[in-house]
Amino acid sequence: MFLGVDGGGTKTAFCLVDRGGQVVARAQAASSYYFSHGIELVERVLGEGVDAVCAAAELTPADIEYAFFGLPGYGEAARDLPVLNAIPRAVLGHDRYACDNDMVCGWAGSLGAVDGINVISGTGSMTYGERLGRSVRVGGWSEMFGDEGSAHWIAVRGLNAFSRMGDGRLPEGPLAEVFRRHLDLASDLDVIDVVHNQWQGDRGRIAALSRSVAEAAGLGDEAASAILAEAGRELALLVEVTRERLEFGPDETVPVSCSGGTFGAEAVLEAFATGLKSRFAHYDLRHPLYEPVVGAALYAAKIAGIPLGQPALDALRMASGISASGGEDR
């Protein structure tokens, strides 16, 4: 029995997977992102989630062969690592576990925990890849001076285009009216009140404006289309640097998966795929195989030295509603 834990900014997901590829139980708890609420939050959330998933499976933590905890913010404050690494021991009552950043869950789920690269672009953006036991993270430097190609990055550039259109520094396109309607602006300058005063610069609410940029692009706005295309190219660059740092050979096939809501914009996905092909001929862009929390359980089995066999993986994919070809069943 393997426990996977995928932490996040809005919720923390838990699942137990057995050696046959069956998801035995699931549970969900509150966010485990501790930078805003204190590190003591992590033990409380993990304790609640582990208790819930074990109760659902009618098991105890002692029955868990190995666990992997993907925690948001892990590794981004070195002084916190000893505390974060010790918390699961108090929750499980044993040492059969490992911790890392939650980006590992996305990689393990999307590629089935095999060598390759996963790029995620949601509110933020980053890549994580593994090859021959080495791991590399690229990006994820925060919305203030990084996260290129992310929803937040797209939204900020959309807001900049809107302000320039309002001044006449940029010819007005559909983006201006989309923003006015979405933000219910009485005047263009009211956008400052909305974003800074009403929203208090909230990262998630700003990132959600990326959908307005995509809407404007669909209406033919050239500035919005350019922003989405640049986002795709930035995400392709993240993958390229990750490949180079992992030292994939010139003739090696490099499995790549992409996840996160930003890729729901067709223009971003197209620019990303084109950017990959222009940089390296042997990228193999794949559909995600499993959700991140299931990936965490697969990674737990891998770390334990008893990875799930192909029949179990196939059973897990069928249970997840994903066909053997890697595409979603409709």
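Excluded from the calculations below are hydrogen atoms, water molecules and symmetry mates; all remaining heavy atoms, backbone and side chain alike, are included. All of these numbers come straight from a predicted model, not from anything done at the bench.
Distance check: Glu266 CD to Glu270 CD gives 4.5 Å after rounding to the nearest 0.5 Å. The distance from the SG atom of Cys105 to the CZ atom of Phe68 is 5.0 Å, given to the nearest 0.5 Å. Taken from CG in Leu3 to SG in Cys15, the straight-line distance is 7.5 Å, to the nearest 0.5 Å. Atom-to-atom distance recorded for Leu289:CG and Leu313:CG is 9.0 Å, nearest 0.5 angstrom. Rounding to the nearest 0.5 angstrom, the gap separating the CD atom in Gln198 from the CZ atom in Arg205 is 8.0 Å.
When all heavy atoms of Asn101 and Gly73 are compared, the closest pair comes out as ND2-N, 3.8 Å. Across every non-hydrogen atom of Ala297 and Val17, the tightest pair is CB-CG2, 3.7 Å. What you find for Ser225 and Ala217 is that their closest heavy atoms are OG-CB, 3.7 Å. Residue Ala67 comes nearest to Ala300 through the heavy atom pair C-CB, 3.8 Å, listed as atom of the first residue, atom of the second, then distance. Contact between Val293 and Gly4 at its shortest, heavy atoms only, is CG2-O, 3.6 Å. For the residue pair Thr123 and Ala207, the shortest heavy atom distance occurs at CG2-CB, 3.8 Å.
For Phe35 and Tyr33, the ring centers sit closer than 6.0 Å to each other.
A salt bridge does not link Glu240 with Arg279: every distance from a Lys NZ or Arg NE/NH1/NH2 to an Asp or Glu carboxylate oxygen is 4.0 Å or more. Between Arg157 and Glu234 there is no salt bridge, since no side-chain nitrogen of the basic residue lies less than 4.0 Å from a carboxylate oxygen of the acidic one. Using a cut-off of 4.0 Å between Lys/Arg side-chain N and Asp/Glu carboxylate O, Arg137 and Asp100 are scored as not salt-bridged. A salt bridge links Arg180 with Glu177; the closest basic N to acidic carboxylate O contact falls under 4.0 Å.
Phe280 is not listed as a side-chain neighbour of Val256, based on a closest heavy-atom distance of 4.5 Å or more. Two residues are said to be in side-chain contact when any heavy atoms from C-beta on lie closer than 4.5 Å; Arg131 and Glu252 meet this criterion. Side-chain atoms of Leu298 and Phe2, non-hydrogen and from C-beta on, never get closer than 4.5 Å to each other. When side chains are defined from C-beta on, Leu59 does not count as touching Ile64, because their heavy atoms never get closer than 4.5 Å. A 4.5 Å side-chain heavy-atom check between Cys99 and Tyr74 finds at least one atom pair inside the cut-off. In this structure the side chain of His152 never reaches within 4.5 angstrom of the side chain of Thr262, judged on heavy atoms. Ser163 has its side chain within reach of Arg169: a pair of non-hydrogen atoms, C-beta onward, lies under 4.5 Å apart. Side-chain contact between Ile117 and Leu238: absent, with no pair of heavy atoms (C-beta onward) separated by less than 4.5 Å.
Judged purely by atom type and a 3.5 angstrom limit, Ser121 uses its side chain to pair as donor or acceptor with the backbone of Gly149. Side-chain atoms of Tyr66 come within 3.5 Å of backbone N or O of Tyr97 as a donor-acceptor pair. Formation of a donor-acceptor pair under 3.5 Å by the Arg134 side chain with backbone atoms of Arg245 is found in this model.
Glu172 CD: more than 12 foreign heavy atoms inside a 6.0 Å radius.
In this model, no donor atom of one side chain and acceptor atom of the other lie less than 3.5 Å apart for Ser259 and Ser110. Counting only N and O atoms by type, the side chains of Asp80 and Tyr34 include a donor and acceptor under 3.5 Å apart. If you check the side chains of Asp102 and Tyr128, you find no donor sitting under 3.5 Å from an acceptor.
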*Run the side-chain contact (heavy atoms from CB on, under 4.5 Å) check on Leu183 and Leu209 step by step: do they pass?*
CA-CA 9 Å; Leu183 297 173; Leu209 289 176; 3.9 Å; yes
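Ring-plane geometry between Phe162 and Phe179 is classed as parallel, the angle between the planes falling under 30 degrees on a 0 to 90 degree scale with a further cut at 60. Ring geometry for Phe145 against Trp141 counts as tilted: the plane angle lies between 30° and 60°, on a 0 to 90° scale.
Scanning for salt bridge (Lys or Arg N to Asp or Glu O under 4.0 Å) contacts around Glu43 gives an empty result, with sequence neighbours left out.
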